[in-house]
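Note that the coordinates shown come from a computational prediction; the quantities given were computed from them, not determined experimentally.
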Amino acid sequence: PPKDNLGIFTPTWFTCAAFLSNEDHRKFVTGTKSHQVRLYDVSAQRRPVLSFDFHETAITAISEDPDGHTVYVGNASADLAAFDIRTGKLLGSFLGKCSGSIRSVVRHPQHQVIASCGLDRYLRVYDVKTRQLISAVFLKQHLTGLVFDSGFSGEEIAVANTVVEAETEEKMTILEDDEEEDEDKTEEAPVKKRKSKKEKRSRDKVSEKGEEIDEVRNKKTRDHKKKTKKVKHTQED
């Protein structure tokens, strides 16, 4: 058994299991929390016949292939890969990584597709040969298990992809129309300019100067009137 951080042996914590063949139930493969994949053969011995590690997080999902010697392994760090259980060799990793723990992996018995789901709320379908992501569907809640319908066909995936693409195009066109309307509104709306402090001060100074000029003019008119009165008086005398 593996050791923990203190060097103490810990009991094996199995997280998932799958039989390699529906006809022969003597061989099965398991995943553990200590990121180990183990192959057991009941007819040979009780201990694992083969054991190998897969990254550094717990194995959370395992699925068998109809060929009887390929297994698909998913872990808590959203990694999905295919292994040859006869040698423990990594055949390849699936592209289109998830962002949450994978909780279920299912291989279709007839079509060359595999599906996975997990805590990121996405159902993903991959091509077994190319290991490319075919489709991803957001299902709004944490997913812990999945099964294939007996009437499943590859055409449904193509239809789902076309529907998703059409919806995304409609959303993009709606967003573009909304942006154009907002731009039109902003152009039509009058722009209110804020008066700066300098403009206010300059206007105050101009008004003060105008008042001073008026006072000087008034004084001049008064003095002129007084002078004219004095001249009249002197002439009469």
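A distance of 13.5 Å separates CD1 in I134 from CZ in R124, rounded to the nearest 0.5 Å. Distance check, rounded to the nearest 0.5 Å: OG1 of T10 to NZ of K33 gives 10.0 Å. One finds the CD1 atom of I114 at 12.5 Å from the NE2 atom of H108 (value rounded to the nearest 0.5 Å). For the atom pair CD1 of I85 and CG of L50, the computed distance is 5.5 Å after rounding to the nearest 0.5 Å. In this structure, CG in L123 is found 7.5 Å from OG in S116, a value given to the nearest 0.5 Å.
No side-chain heavy atom of F28 sits less than 4.5 Å from a side-chain heavy atom of L20. Inter-residue side-chain proximity for V29 and V37 is flagged as met; some heavy-atom pair is nearer than 4.5 Å. Side-chain contact between F94 and L133 is absent, with no heavy-atom pair separated by less than 4.5 Å.
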Distance-only donor-acceptor pairs under 3.5 Å for side chains of residues 86-93, two or more places apart:
residue	atom	partner	partner atom	Å
R86	NE	D84	OD1	3.1
R86	NH2	D84	OD2	3.2
T87	OG1	K89	N	3.4

Under 3.5 Å, sequence neighbours excluded: what are the donor-acceptor pairs made by side chains of residues 66-82?
residue	atom	partner	partner atom	Å
D67	OD1	H69	N	3.1
D67	OD1	T70	N	3.2
D67	OD2	T70	OG1	2.8
Y72	OH	D65	OD2	2.5
N75	OD1	S77	N	3.3
N75	OD1	S77	OG	3.2
N75	OD1	A78	N	3.3
N75	OD1	D79	N	2.8
N75	ND2	T57	OG1	3.2
N75	ND2	S77	OG	3.2
N75	ND2	D79	OD2	3.3
S77	OG	T57	OG1	3.1
S77	OG	D79	OD2	2.7

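Qualifying side-chain contact (heavy atoms from CB on, under 4.5 Å) partners for S51, counting only residues two or more places apart in sequence or in other chains: Q36, R38. Every residue two or more places apart in sequence or in another chain was checked for a ring pair (Phe, Tyr, Trp, His ring centres under 6.0 Å) with F14, and none qualifies. Evaluation of the side-chain contact (heavy atoms from CB on, under 4.5 Å) rule for S99 yields D120 as partners, not counting sequence neighbours. Listed by chain and residue number, nothing satisfies the side-chain contact (heavy atoms from CB on, under 4.5 Å) test with E56 (two or more places apart in sequence, or in another chain). Under the side-chain hydrogen bond (donor to acceptor under 3.5 Å, both in side chains) criterion, Q112 pairs with R107, not counting sequence neighbours. The side-chain hydrogen bond (donor to acceptor under 3.5 Å, both in side chains) check on R131 picks up nothing, with sequence neighbours excluded. Remark: S104 pairs with no residue by the side-chain hydrogen bond (donor to acceptor under 3.5 Å, both in side chains) rule, at least two apart or across chains. With sequence neighbours excluded, no residue forms a side-chain hydrogen bond (donor to acceptor under 3.5 Å, both in side chains) with Y122. Legend: residues meeting ring pair (Phe, Tyr, Trp, His ring centres under 6.0 Å) with F83, ordered by chain and number and at least two apart, are F52, F54. H35 is linked by a side-chain contact (heavy atoms from CB on, under 4.5 Å) to D53, counting only residues two or more places apart in sequence or in another chain.
Closest non-hydrogen pair, I59 versus C16, comes out as CG2-SG, 4.0 Å. Looking at every heavy atom in both residues, T60 comes nearest to S101 through CG2-OG, 3.8 Å.
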